[in-house]
Amino acid sequence: WTTDVISDTQIEYGLTTAYGSSTALNGTLSTGHSQTVTGLQANQLYHYKVKSRDVSGDMATSGDRTFITAMGATTPGTSTDSGNSNTMNATRFTTGSGGKLASLSAYVGAVDASAANRSFQLAIYTANGTAPGTLVANTATGTLTANAWNTLPIVATLAPATNYFIAYNSNGSNSTVNNLRFTNGGTSGWSTNGQTFGNWPANFGPVTAQSVTFSLYASFIGDSTPPS
């Protein structure tokens with residue numbers, strides 16, 4: 001946020017409009033302000049307001065704003081899977097507040113040498129216990145970048161306190177490319193019968209379970225009005 005005179009920088013935040021937490025005061029005087037808020041819960045609706053005090057001691061405080069934190073594995077795993085092309089790989093995650101999705105993201109290792117075989121898509125499925133159930137929504141096609149987060153927009157609304165699977169598919173030419181990073185532990189699986197890239201079935205179908213967490217996460221739409 002910006003101020004018309006040089007001021008300090010601080011944010012109050014919390015799960016309600018009572019806030020309850022605040023960032024450390026940054027006493028450096030400036031007209032341009034930003035701070036990073038850490039230690040937040042996954043997929044929760046947070047309220048926040050920003051504060052700046054000028055050299056005369058006058059305090060300016062914004063109105064209440066909101067944002068929703070991500071759901072999923074936002075830190076990439078250190079292991080890399082294999083055979084993630086022309087099959088669906090999915091991990092189960094649980095919403096907190098739920099909300100309107102903005103995008104889905106996947107972290108992959110090495111990508112195909114051919115640009116034509118670096119395509120990927122992502123999708124959301126309901127959870128039928130420990131297996132993916134029915135398709136909620138899927139993304140369009142994107143192009144993978146190696147050893148990086150790859151993000152695509154999606155339109156869907158997720159219910160609060162509900163299990164969902166985030167799923168990934170790619171069109172790599174062999175089993176050693178376009179593969180997801182992962183960590184051990186978690187509820188995941190892949191489509192036992194494979195799945196041709198570019199077609200997401202209405203029902204996930206037979207799944208082979210895997211006790212890992214793929215590097216997949218969902219981002220949500222929060223308050224689009226910046227603080228002022």
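Just so it is clear, the model here is predicted, and its values are computed rather than measured. Keep in mind that the numbers below use all heavy atoms, side chains included, and drop hydrogens, waters and symmetry copies.
No hydrogens or angles considered: nothing links the side chains of Asp58 and Ser56 as a donor-acceptor pair under 3.5 Å. Side-chain atoms of Thr91 and Thr213 form no donor-acceptor pair, as typed in the model, at a separation below 3.5 Å. A donor atom on one side chain and an acceptor atom on the other are found under 3.5 Å apart for Gln35 and Thr23. A side-chain donor from one of Thr134 and Thr126 sits under 3.5 Å from a side-chain acceptor of the other.
Atoms CD1 and CD1, from Ile221 and Ile68 in turn, are 8.5 Å apart once rounded to the nearest 0.5 Å. To the nearest 0.5 Å, atoms OG (Ser62) and CD (Glu12) are separated by 9.5 Å. With rounding to the nearest 0.5 angstrom, the CD1 atom of Ile166 is 14.0 Å from the OH atom of Tyr168. How far CG of Asn26 is from CD of Gln10: 9.5 Å, rounded to the nearest 0.5 Å. Here the NE2 atom belonging to His33 is positioned 8.5 Å from the CG atom belonging to Leu29, to the nearest 0.5 angstrom. The OG atom of Ser105 lies 11.0 Å from the CD1 atom of Ile154; values are rounded to the nearest 0.5 Å.
Here the side chain of Ser82 pairs no donor or acceptor atom with the backbone of Ser175 at under 3.5 angstrom. Looking at Ser79, its side chain never comes within 3.5 Å of a backbone N or O of Gly77 through a donor-acceptor pair. At distances below 3.5 Å, not a single donor-acceptor pair connects side-chain atoms of Ser22 with backbone N or O atoms of Ile11. In this structure, Asn117 contributes its side chain and Gly172 its backbone to no donor-acceptor pair below 3.5 Å. With hydrogens and angles ignored, the 3.5 Å screen pairs a side-chain donor or acceptor of Ser114 with a backbone N or O of Ala116. Panel note: side chain Asp112, backbone Arg118; no donor-acceptor pair is recorded below 3.5 Å. Put simply, the side chain of Thr94 never gets that close to the backbone of Asn163: no donor and acceptor are under 3.5 Å apart. Here the side chain of Asn169 pairs a donor or acceptor atom with the backbone of Asn86 at under 3.5 angstrom. Listed for the Ser188 side chain is a donor-acceptor partner under 3.5 Å among the backbone atoms of Val212. A donor-acceptor pair is defined here as one N or O able to donate and one able to accept, closer than 3.5 Å; no such pair exists between the side chain of Asn178 and the backbone of Leu144.
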Inset, instruction - Could you check Trp1 against Thr9 for side-chain hydrogen bond (donor to acceptor under 3.5 Å, both in side chains), going step by step and ending with a plain yes or no? - result: CA-CA 9 Å; Trp1 68 98; Thr9 300; 5.7 Å; no
Legend entry - Audit row: Asp64, Thr66, side-chain contact (heavy atoms from CB on, under 4.5 Å) steps and yes/no: CA-CA 7 Å; Asp64 180 64; Thr66 61; 4.1 Å; yes
Inset, instruction - Could you please spell out the steps behind the side-chain hydrogen bond (donor to acceptor under 3.5 Å, both in side chains) verdict for Thr87 and Ser191? - result: CA-CA 6 Å; Thr87 188; Ser191 48; 2.8 Å; yes
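Contact of the Leu216 side chain with the Leu180 side chain is registered, since non-hydrogen atoms from C-beta on lie closer than 4.5 Å.
Residues that satisfy the side-chain contact (heavy atoms from CB on, under 4.5 Å) test with Leu40, not counting sequence neighbours, are Tyr13, Val37, Tyr46, Phe67, Thr69. With sequence neighbours excluded, no residue satisfies ring-ring contact (aromatic ring centres under 6.0 Å, His included) with His47. For Phe182, the ring-ring contact (aromatic ring centres under 6.0 Å, His included) criterion is met by no residue, not counting sequence neighbours. With sequence neighbours left out, the side chain to side chain donor-acceptor pair (under 3.5 Å) criterion links Asn150 to no other residue. Taking Asp54 as the reference, nothing meets the side chain to side chain donor-acceptor pair (under 3.5 Å) condition, with sequence neighbours excluded. Take Lys49 and apply the salt bridge (Lys or Arg N to Asp or Glu O under 4.0 Å) test, not counting sequence neighbours, and it matches no residue.
Here the closest heavy-atom approach between residue Asn89 and residue Gly83 is recorded as ND2-O, 4.4 Å. Scanning both residues, Asp81 and Phe214, for their nearest heavy atoms gives OD2-CE2, 3.5 Å.
Applying the ring-ring contact (aromatic ring centres under 6.0 Å, His included) rule to pairs touching residues 81-100 yields nothing, sequence neighbours excluded.
Membership of an apolar cluster is not assigned to Leu25, as no side-chain contact below 4.5 Å to another ILVMFWY residue is traced. Members clustered with Met59: none, using a 4.5 Å side-chain heavy-atom cutoff among hydrophobic residues. Members clustered with Tyr107: Trp149, Tyr217, by chain and number, using a 4.5 Å side-chain heavy-atom cutoff among hydrophobic residues. As a member of the Ile/Leu/Val/Met/Phe/Trp/Tyr network built from side-chain separations under 4.5 Å, Tyr19 groups with nothing else and remains a singleton.
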Contacts under 3.5 angstrom, residues 195-210 side chains, donor-acceptor by atom type, not counting sequence neighbours:
unit_1, atom_1, unit_2, atom_2, d
Gln195, NE2, Asn199, O, 2.9
Trp200, NE1, Gln121, OE1, 2.8
Thr208, OG1, Thr192, OG1, 2.9

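If you chain together hydrophobic residues whose side chains sit under 4.5 Å apart, Leu122 and Phe220 fall into the same group.
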